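All remarks here apply to the structure that follows.
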Amino acid sequence: MHSETSAPKEAALYVVATPLGNLQDITLRAIEVLESVDLIAAEDTRVSRRLLNHLGVRTALTAVHEHNEASASARVIELLQRGGSVALVSDAGTPAISDPGALLVRRVRDAGLRVVPVPGPSALTAALSVAGLAQREFLFLGFLPPQAAARRRALEAVRGLACALVLYEAPHRVRECIGDLTDTLGGARELLVARELTKLFEQVHACPLAEAGAWFDADENRTRGEFVLVIGPPPTAQDGALDEALRVLRLLLAELPLRQAVKLCAEITGVKRNLLYERALELKSAEGAPD
Ligand code: SAM
């Protein structure tokens, strides 16, 4: 295997993804980089020290968070210009994704120095990987504004987009956010709740937005922990036509042999015969009735 960038001694800022919860989710390359750089710039040095202790890494740490990113960038750039190497980490997941780091990355690049990604976990990709979205396109919104009015405006601005929406949300706001999602986007869109990914109480639940409030209310533990919310795309006119075709198909199947029901349904609704045939077989086998 080709591993051109495995030795991180080169003067560069390495942007290193760290585990979301399960400490096993760290790449071999991330460990190698964290061990061999001169300095680790961390969102919260206490949080990162715990991970580094677990890994047996003794590299020096400095804090780079949203309140000191500009001044810390100057120090990091100075070190890189002297030929040093620095790793950037956040508390969990990939730095600069709804986390500090983007300003540092930009300043380092603007100074003509190298920025190297060391990819790994992110709550965004972990949630999408289990969302089973039929469609490829999604829009990542990060955290919505905390104020209800601004949150609704943000959702109204993206309501009509024909793609999935992905949000991060805090536990104390998740229930309120579900109310706003349902009111602005409608109850028919599918919601995937990805809670506490890679941790002890990991939970992945999918339901229509209309049922999400009741699902959260059924168990207070469901509003605890960390959340990614994935909202499926709005139903299309084609989805509506298919729903109607399936209604007609059910009625015809109750009266006619399968082939004839499929043929008639295709003629009535204009939906493709192959698709109806597959659905008819599924309906029949769900009923357990012989064709
Ligand atoms: N940069 C991080 C990443 O790449 O995932 C995200 C940082 S952001 C400050 C933290 C938010 O990410 C949490 O509020 C939650 O929405 C989401 N998150 C982080 N860890 C998670 C987990 N284990 N399960 C579900 N969501 C998580």
Side-chain angles (χ1 to χ4, degrees), residues 13-27 29-30 33-34 40-48 50-51 54 63-69 72 87-106 115-133 138-147 151 154-155 164-178 180-181 191-207 212 215-216 219 221-231:
L13 174 68
Y14 295 86
V15 183
V16 180
T18 57
L20 297 172
N22 188 327
L23 295 181
Q24 309 263 51
D25 292 337
I26 180 113
T27 68
R29 184 168 167 230
V33 169
L34 293 172
I40 298 174
E43 180 183 5
D44 182 332
T45 52
R46 286 161 309 174
V47 172
S48 296
R50 280 199 290 276
L51 173 69
H54 171 80
V64 177
H65 45 68
E66 57 178 337
H67 304 296
N68 78 345
E69 209 173 335
L88 170 68
V89 296
S90 60
D91 290 353
T94 302
I97 310 277
S98 295
D99 259 343
L103 180 67
L104 173 61
V105 163
R106 178 169 289 276
V115 182
V116 178
V118 182
S122 173
L124 167 66
T125 49
L128 280 172
S129 73
V130 293
L133 288 178
F138 66 87
L139 177 66
F140 175 54
L141 296 169
F143 290 100
L144 291 177
Q147 310 81 3
R151 190 163 58 228
L155 288 170
L165 304 172
V166 188
L167 313 176
Y168 285 166
E169 194 46 282
H172 59 280
R173 259 196 305 268
V174 73
R175 183 62 188 85
E176 204 182 314
C177 178
I178 294 297
D180 289 338
L181 287 169
L191 171 73
L192 181 103
V193 180
R195 184 170 85 87
E196 292 288 88
L197 294 173
T198 79
K199 302 189 201 176
L200 189 59
F201 297 109
E202 178 179 273
Q203 189 171 35
V204 176
H205 175 76
C207 64
W215 183 79
F216 275 101
D219 180 350
N221 288 322
R222 292 177 181 166
T223 50
R224 298 210 168 114
E226 300 200 271
F227 292 88
V228 183
L229 304 177
V230 183
I231 301 105

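First listed ligand is number 1; within each ligand, the first listed atom is number 1. Every value quoted in this text rests on a predicted model; they were computed, and no experiment measured them.
- In this structure, Val116 and Arg29 approach most closely via the heavy-atom pair CG1-NH2, 3.5 Å.
- In this structure, Arg195 and Phe227 approach most closely via the heavy-atom pair CD-CE2, 3.3 Å.
- For Glu169, every heavy-atom contact with ligand 1 shorter than 4.0 Å involves the backbone, none the side chain.
- Residue-to-ligand polar distances place Tyr168 within reach of ligand 1: an N/O pair is separated by less than 3.5 Å.
- Closest protein heavy atom to atom 23 (N) of ligand 1: Leu197 O, 2.9 Å.
- The shell of residues lying under 4.0 angstrom from ligand 1, judged by heavy atoms, excludes Ala170.
- The two residues Pro95 and Val89 have their closest heavy-atom pair at CG-CA, 3.8 Å.
- Within a 6.0 Å radius of CZ in Phe201, other residues, nucleotides and ligands contribute 12 heavy atoms or fewer.
- The protein heavy-atom contact nearest to atom 8 (S) of ligand 1 is Ser98 O, 3.5 Å.
- Nearest heavy atom pair, residue Leu229 against residue Glu169, reads CD1-CB, 4.3 Å.
- Only the backbone of Ala92 comes within 4.0 Å of ligand 1, judged by heavy-atom distances.
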Exercise for review: Let me see the working for Val230 and Phe138 under side-chain contact (heavy atoms from CB on, under 4.5 Å), right down to the final yes or no.
Suggested key: CA-CA 9 Å; Val230 183; Phe138 66 87; over 6 Å; no
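- Not a single heavy atom of Gly21 lies less than 4.0 angstrom from ligand 1.
- Residues Ala102 and Ala96 come closest through the heavy atom pair N-CB, 3.7 Å.
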**Study point:** Val228 and Leu124: CA distance, side-chain angles, deciding distance, side-chain contact (heavy atoms from CB on, under 4.5 Å) verdict
**Key:** CA-CA 7 Å; Val228 183; Leu124 167 66; 5.8 Å; no
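- At a 4.0 Å heavy-atom cut-off, ligand 1 touches Ala194 through the backbone alone.
- With respect to atom 7 (C) of ligand 1, the closest heavy atom belonging to the protein is Asp99 OD2, 3.3 Å.
- Leu197 approaches Ala127 most closely through the heavy-atom pair CD1-N, 3.8 Å.
- Close approach to Glu196 involves these atoms of ligand 1, each under 4.0 Å from a residue heavy atom: 23 (N), 24 (N), 25 (C).
- For ligand 1, one of its N or O atoms has an N or O atom of Ile97 under 3.5 Å away.
- Interface of Gly93 with ligand 1, defined as ligand atoms under 4.0 Å from a residue heavy atom, comprises 3 (C), 4 (O).
- Ring planes of Trp215 and His205: parallel class, angle under 30° (limits at 30 and 60°).
- Closest protein heavy atom to atom 11 (C) of ligand 1: Phe143 CZ, 3.6 Å.
- Among all protein heavy atoms, the one lying closest to atom 25 (C) of ligand 1 is Glu226 O, 3.3 Å.
- With hydrogens left out, the protein atom closest to atom 16 (O) of ligand 1 is Phe227 O, 2.5 Å, a heavy atom.
- Heavy atoms of Thr198 stay at 4.0 angstrom or farther from ligand 1.
- Contact atoms of ligand 1 toward Lys199: 23 (N) (distance under 4.0 Å to a heavy atom of the residue).
- The protein heavy atom nearest to atom 5 (O) of ligand 1 is Ala123 N, 2.7 Å.
- Protein heavy atom in closest approach to atom 26 (N) of ligand 1: Val228 CG2, 3.5 Å.
- Here the side chain of Thr27 pairs no donor or acceptor atom with the backbone of Gly120 at under 3.5 angstrom.
- Under the 3.5 Å distance criterion, the side-chain polar atoms of Asn68 are matched with a main-chain donor or acceptor of Ala63.
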